[in-house]
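Heads up, the thing below is written out as structure tokens.
For the numbers below, each heavy atom of this structure counts, side chains included, while hydrogens, waters and symmetry mates do not.
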Amino acid sequence: ELSQIFEIVLREVMTKSIPETDGKPDIANFLSMLEKYDVVLFGPGLGVTDYTAGILEELLVKLPQKLIIDADGLNILAKTPHLLNQLAYRDILLTPHVGEFSRLSGLSIDTIEMDTMKALADFIKKYKTKVLLKSAVTIYADEAHHYFNTTGNDGLSTGGSGDVLAGIIVSFVGQGLPLEHAGISASWLLGITAEKLALEKGTPAITPTDVIARLFS
């Protein structure tokens with residue numbers, strides 16, 4: 001129902017509507033529509049509703065492709081924690097900031113920040129999944145790998161920066177990078193771009209649109 005707005009406002013974005021039957025998502029047709037894609041991003045801008053939660057549950061059970069879950073996808077997982085059990089040993093990457101990870105893990109932000117590596121290790125051990133935890137130092141972690149990115153600045157605290165990061169990750173995965181390399185490389189690229197922009201205009205003025213425009217310049 002939002003496709004007409006996107007097509008008018010974001011003319012470079014290609015859209016395809018979720019097929020519906022009687023106002024409900026037609027999951028069989030939707031999954032068939034997704035077959036030709038290598039990777040799916042779920043979450044940014046979706047909202048937390050029974051409609052979107054139902055779609056995420058179906059994707060977690062039936063989607064064979066790589067899946068990145070961000071933003072409202074993470075909020076849905078936090079509100080329906082039984083779905084976390086579907087993450088185990090799958091090509092799925094969660095990309096929470098500390099607040100979202102607090103809701104996912106049930107830990108306070110203070111507890112996470114006191115020993116971030118333990119909080120991540122416990123979560124990953126429990127759900128057998130992959131996490132890119134966004135903070136001043138961004139950490140990729142799974143059962144076998146830990147990568148750290150120290151680039152970036154507070155200009156990336158602007159709303160929408162995480163959506164840009166998720167899009168870069170999806171792009172890298174679509175070009176063949178494994179999730180762990182795509183996640184940390186995208187985080188580095190986002191951060192180094194923000195650092196370049198800070199030299200020109202200062203961190204308070206950095207917007208996600210600025211970051212997109214300067215990614216490779």
Side-chain angles (χ1 to χ4, degrees), residues 1-87 90-97 99-100 103-104 129-132 134 158-179 182-183 186 189-190 207-213 215-216:
E1 64 191 31
L2 294 175
S3 62
Q4 290 185 342
I5 296 172
F6 280 110
E7 288 163 8
I8 292 169
V9 177
L10 301 171
R11 286 169 291 180
E12 74 277 20
V13 174
M14 294 176 286
T15 65
K16 189 177 288 288
S17 300
I18 295 172
E20 295 182 343
T21 302
D22 298 326
K24 297 181 179 179
D26 185 335
I27 295 299
N29 281 339
F30 185 43
L31 289 170
S32 177
M33 192 173 79
L34 295 177
E35 284 180 356
K36 63 181 179 180
Y37 303 113
D38 298 314
V39 57
V40 172
L41 167 62
F42 184 93
L46 278 182
V48 181
T49 65
D50 290 342
Y51 184 101
T52 55
I55 293 175
L56 179 57
E57 183 165 10
E58 294 286 350
L59 292 180
L60 287 173
V61 173
K62 299 175 181 177
L63 185 78
Q65 295 101 312
K66 295 179 174 67
L67 177 64
I68 288 90
I69 303 177
D70 186 45
D72 281 333
L74 300 170
N75 292 328
I76 291 169
L77 286 177
K79 290 177 73 71
T80 51
H82 70 277
L83 293 181
L84 290 167
N85 296 317
Q86 298 291 337
L87 301 176
R90 302 276 302 283
D91 263 336
I92 296 174
L93 176 64
L94 309 182
T95 58
H97 55 59
E100 290 165 335
R103 295 192 288 274
L104 286 170
T129 192
K130 304 171 178 67
V131 177
L132 184 74
K134 301 177 290 191
T158 304
S161 296
D163 299 335
V164 174
L165 174 62
I168 301 170
I169 295 170
V170 171
S171 171
F172 285 173
V173 174
Q175 295 175 72
L177 285 182
L179 287 173
L189 178 60
L190 186 81
T207 68
T209 302
D210 295 331
V211 174
I212 292 169
L215 278 176
F216 297 104

*Check P208 against S161 and note the closest heavy-atom contact, atom names and distance.*
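Taking P208 first and S161 second, the nearest heavy atoms are CG-N, 3.7 Å.
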_Heavy-atom pair with the smallest gap, counting every atom of A71 and E100_ = CA-OE2, 3.8 Å
_Could you check whether T207 and D210, counting side-chain N and O atoms only, form a donor-acceptor pair closer than 3.5 Å?_
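Yes, T207 and D210 have a side-chain donor paired with an acceptor closer than 3.5 Å.
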Which value, rounded to the nearest 0.5 Å, describes the distance between [X] atom [atom1] and [Y] atom [atom2]?
| X | Y | atom1 | atom2 | answer |
| --- | --- | --- | --- | --- |
| L93 | D70 | CG | CG | 9.0 Å |
| I55 | L60 | CD1 | CG | 12.0 Å |
| D163 | L41 | CG | CG | 8.0 Å |
| L189 | L215 | CG | CG | 5.0 Å |
| L87 | I92 | CG | CD1 | 5.0 Å |

Please set out all donor-acceptor pairs under 3.5 angstrom arising from side-chain atoms of residues 62-69, sequence neighbours excluded.
| unit_1 | atom_1 | unit_2 | atom_2 | d |
| --- | --- | --- | --- | --- |
| K62 | NZ | E58 | OE1 | 2.9 |
| Q65 | NE2 | L34 | O | 2.7 |
| Q65 | NE2 | Y37 | O | 3.1 |

Residue list, side-chain contact (heavy atoms from CB on, under 4.5 Å) with [X], at least two apart or on another chain:
| X | value |
| --- | --- |
| S3 | E7, T15, S17 |
| I8 | none |
| N85 | Y127 |
| I212 | V164 |

Among all residues two or more places apart in sequence or in another chain, which pass the side-chain hydrogen bond (donor to acceptor under 3.5 Å, both in side chains) test with [X]?
| X | answer |
| --- | --- |
| K130 | none |
| E57 | none |
| T52 | T49 |

_I'd like to check L59 versus L31 (side-chain heavy atoms, cut-off strictly below 4.5 Å). Are they in contact?_
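The answer is yes; the side chains approach within 4.5 Å.
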*Considering only heavy atoms from C-beta outward, does the side chain of P96 approach that of L104 to under 4.5 Å?*
yes
Tabulate below the donor-acceptor pairs under 3.5 Å that side-chain atoms of residues 166-179 make, not counting sequence neighbours, or state none.
| unit_1 | atom_1 | unit_2 | atom_2 | d |
| --- | --- | --- | --- | --- |
| S171 | OG | Q175 | NE2 | 3.0 |
| Q175 | NE2 | S171 | O | 3.2 |

Can you give each donor-acceptor pair under 3.5 Å made by side-chain atoms of residues 73-80, sequence neighbours left out, with the distance rounded to 0.1 Å?
| unit_1 | atom_1 | unit_2 | atom_2 | d |
| --- | --- | --- | --- | --- |
| N75 | OD1 | R103 | NH2 | 3.2 |
| N75 | ND2 | D72 | OD1 | 3.0 |
| T80 | OG1 | I76 | O | 2.6 |

*Is it true that atom OH of Y51 has more than 12 heavy atoms of other residues, nucleotides or ligands lying nearer than 6.0 Å?*
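Atom OH in Y51 is crowded, with more than 12 foreign heavy atoms closer than 6.0 Å.
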